[in-house]
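Notes for the one structure printed next.
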Amino acid sequence: MYKIAIAGAGAMGGRIGISLKQAGYDVELIDDWEEHVQRINKQGVEVKTETDVYTVNVPAVLSKDVSDSFDLIIILTKAMNSEKMMQRLKEAGSIHKDTAILCMMNGLGHGERLSKFVPMSQVYLAVVMWTAGLRGPGQLLLEGGGYIDFHRSDGIVDEQSNAILQLLNDANLNARVSDDIFKSIWSKATLNSVLNPLCTILDKTIYEFGSYEHSREMIIPMIEEIVSVARARNVELDGKLLLNKIEAAYPKETQGLHYPSMHQDYNKGRLTEIDYLNGQISAYGEELGIPTPINTLLTHQIHQLEMKIM
């Protein structure tokens, strides 16, 4: 049987992990939050949905204690912790020559980072459009629907791709092999690079930010920078479609009542993923000779805020 690890068993890792476990797969959760791991092992994962509360029993382990080898490792750590996690898993012998590494993290540049540890042919990149919340250690809040797009990072559809597709859909995660995963990754990264830093700096919900009558004037120049950098990296984005996608998140009945994840991290005293969003766009821009003054400024502003929690 396929043996699966969820490396980074927070809210989304929990959602993916318990879905696979309920589908009958051999799943282990890996995380470095000791209280979280202990509660899962003692009481299972408590899941609250719009209509129900139930418990799923699934084993969990701290990354320092991992000893098993896996056929599939789904990476859902915070972006800044992914390389440390991969190094631990490699040292533990958890990654073999046929292990698929499926990256579900937000942000840009993960394929290059993960390829430091395994060949690109073992790396799969995904865009996850599900939501999940963590109410406390071992306690998930799961609402709404979603889907997952993924593809092998070198563009090849192989037998492993079909196996991953099957197990994700066995778990009712609405997966599909993408025709253009890099376009999907950059599209989601654009939304996150706009709403995450602005709502964090301004301390606003998505709805509150969008209610400002000049919000479009703020975000169009950001989008233009991202589109220019993406195009130079052979990813074609449509600025108008991206603007529409961002503005579709403003209403209260969609995502408007929520604070973006970066705002949540900052207000919980955690470092943010700014370097993997606006910071990565700025880094690509510098490599390519494309000015990205707005994304660079936002990166510095978030780092200024982070000085309070370092």
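Just so it is clear, the model here is predicted, and its values are computed rather than measured.
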Other residues, nucleotides and ligands only: do more than 12 of their heavy atoms fall within 6.0 Å of [atom1] on [X]?
X      : atom1 : value
Lys245 : NZ    : yes
Glu159 : CD    : no
Lys183 : NZ    : no
Asp179 : CG    : no
Glu143 : CD    : yes
Glu34  : CD    : no

side-chain hydrogen bond (donor to acceptor under 3.5 Å, both in side chains), that's the test. Do Gln87 and Glu91 meet it? Break it down for me.
CA-CA 6 Å; Gln87 185 63 41; Glu91 290 171 355; 3.0 Å; yes
Kindly compute the distance separating [atom1] ([X]) from [atom2] ([Y]), expressed to the nearest 0.5 Å.
X      : Y      : atom1 : atom2 : value
Ile226 : Met222 : CD1   : CE    : 5.5 Å
Gln139 : Thr55  : CD    : OG1   : 9.5 Å
Ile16  : Leu20  : CD1   : CG    : 7.0 Å

So, the side chain of [X] versus the backbone of [Y]: is there a donor-acceptor pair under 3.5 Å, distance only?
X      : Y      : result
Gln160 : Asp98  : yes
Trp186 : Ala230 : no
Lys188 : Met129 : no
Thr49  : Thr51  : yes
Asp65  : Val61  : no
Glu273 : Asn106 : no
Ser153 : Val123 : yes

Decide side-chain contact (heavy atoms from CB on, under 4.5 Å) for Thr205 and Leu257; before the verdict, give the C-alpha distance in whole Å, the side-chain angles of both, and the deciding distance to 0.1 Å.
CA-CA 6 Å; Thr205 64; Leu257 294 177; over 6 Å; no
With a 4.5 Å cut-off on side-chain heavy atoms, are [Y] and [X] touching?
X      : Y      : answer
Cys103 : Leu114 : yes
Leu102 : Ile75  : no
Leu198 : Ile219 : yes
Gln301 : Pro197 : no
Met86  : Lys116 : no
Val127 : Phe150 : no
Glu46  : Leu140 : no
Leu167 : Tyr2   : yes

Are Ile18 and Trp33 connected into the same hydrophobic cluster when the rule is that any two of I, L, V, M, F, W, Y join if their side-chain heavy atoms are below 4.5 Å apart?
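Trp33 clusters together with Ile18.
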Transitive ILVMFWY side-chain link Ile201 to Ile223, under 4.5 Å
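Yes; tracing contacts between hydrophobic side chains, which count when under 4.5 Å, links both residues.
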Go through the side-chain N and O atoms of [X] and [Y] and say whether any donor and acceptor fall under 3.5 Å apart.
X      : Y      : value
His303 : Asp275 : yes
Asp170 : Tyr25  : yes
Asn162 : Gln166 : no

Given salt bridge (charged side-chain N to carboxylate O under 4.0 Å, His left out), test Lys3 with Asp26 step by step and report yes or no.
CA-CA 5 Å; Lys3 189 164 181 62; Asp26 185 359; 3.4 Å; yes
side-chain contact (heavy atoms from CB on, under 4.5 Å) between Thr272 and Glu306: does it pass, once the steps are laid out?
CA-CA 8 Å; Thr272 74; Glu306 288 177 330; 2.8 Å; yes
So if I apply the side chain to side chain contact (heavy atoms under 4.5 Å, CB included) rule between [X] and each of [options], which one comes out positive?
X      : options                        : value
Ile246 : Leu195, Ile220, Ile206, Leu241 : Leu195
Leu134 : Gln264, Arg15, His36, Met12    : His36
Ile281 : Ile290, Thr190, Leu108, Leu298 : Leu108
Val37  : Asp32, Asp31, Ile30            : Asp31

Run the numbers on Thr99 and Gln122 for side-chain hydrogen bond (donor to acceptor under 3.5 Å, both in side chains), then give the verdict.
CA-CA 7 Å; Thr99 301; Gln122 288 178 243; 5.2 Å; no
Working note: Val53 + Val47, criterion side-chain contact (heavy atoms from CB on, under 4.5 Å); need CA distance, chi angles, decisive distance, verdict.
CA-CA 6 Å; Val53 177; Val47 181; over 6 Å; no
Which atom of [X] lies closest to which atom of [Y], heavy atoms considered:
X      : Y      : answer
Ile95  : Lys90  : CD1-N, 4.0 Å
Ser161 : Tyr124 : OG-CE2, 3.4 Å
Asp149 : Ser184 : OD2-OG, 3.9 Å
Pro291 : Glu225 : O-CG, 4.2 Å
Ala171 : Ser19  : CB-O, 3.4 Å
Val27  : Val58  : O-CG2, 3.6 Å

Strictly by ring pair (Phe, Tyr, Trp, His ring centres under 6.0 Å), give each pair with a member in residues 201-231 just once, sequence neighbours left out.
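Every ring pair (Phe, Tyr, Trp, His ring centres under 6.0 Å) pair that includes a residue of residues 201-231, provided the two are not neighbours, is Tyr212-His214.
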Walk me through whether Asp238 and Lys240 qualify under salt bridge (charged side-chain N to carboxylate O under 4.0 Å, His left out).
CA-CA 6 Å; Asp238 185 321; Lys240 290 183 179 179; over 6 Å; no
Going by side-chain hydrogen bond (donor to acceptor under 3.5 Å, both in side chains), Asn278 matches just one of Asn196, Asn295, Thr299. Which one?
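So, applying the side-chain hydrogen bond (donor to acceptor under 3.5 Å, both in side chains) to Asn278 and each of Asn196, Asn295, Thr299, only Asn295 qualifies.
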Answer yes or no on whether Arg233 is positioned over the face of Tyr284, meaning its NZ or CZ is under 6.0 Å from the six-membered ring centre and within 45° of the axis.
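Ring-cation test returns yes.
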Carefully, step by step, assess Leu277 and Met262 under the rule side-chain contact (heavy atoms from CB on, under 4.5 Å).
CA-CA 11 Å; Leu277 294 167; Met262 186 176 292; 4.0 Å; yes
side-chain hydrogen bond (donor to acceptor under 3.5 Å, both in side chains) for Gln255 and His258? Distances and angles first, verdict last.
CA-CA 6 Å; Gln255 299 177 49; His258 297 280; over 6 Å; no
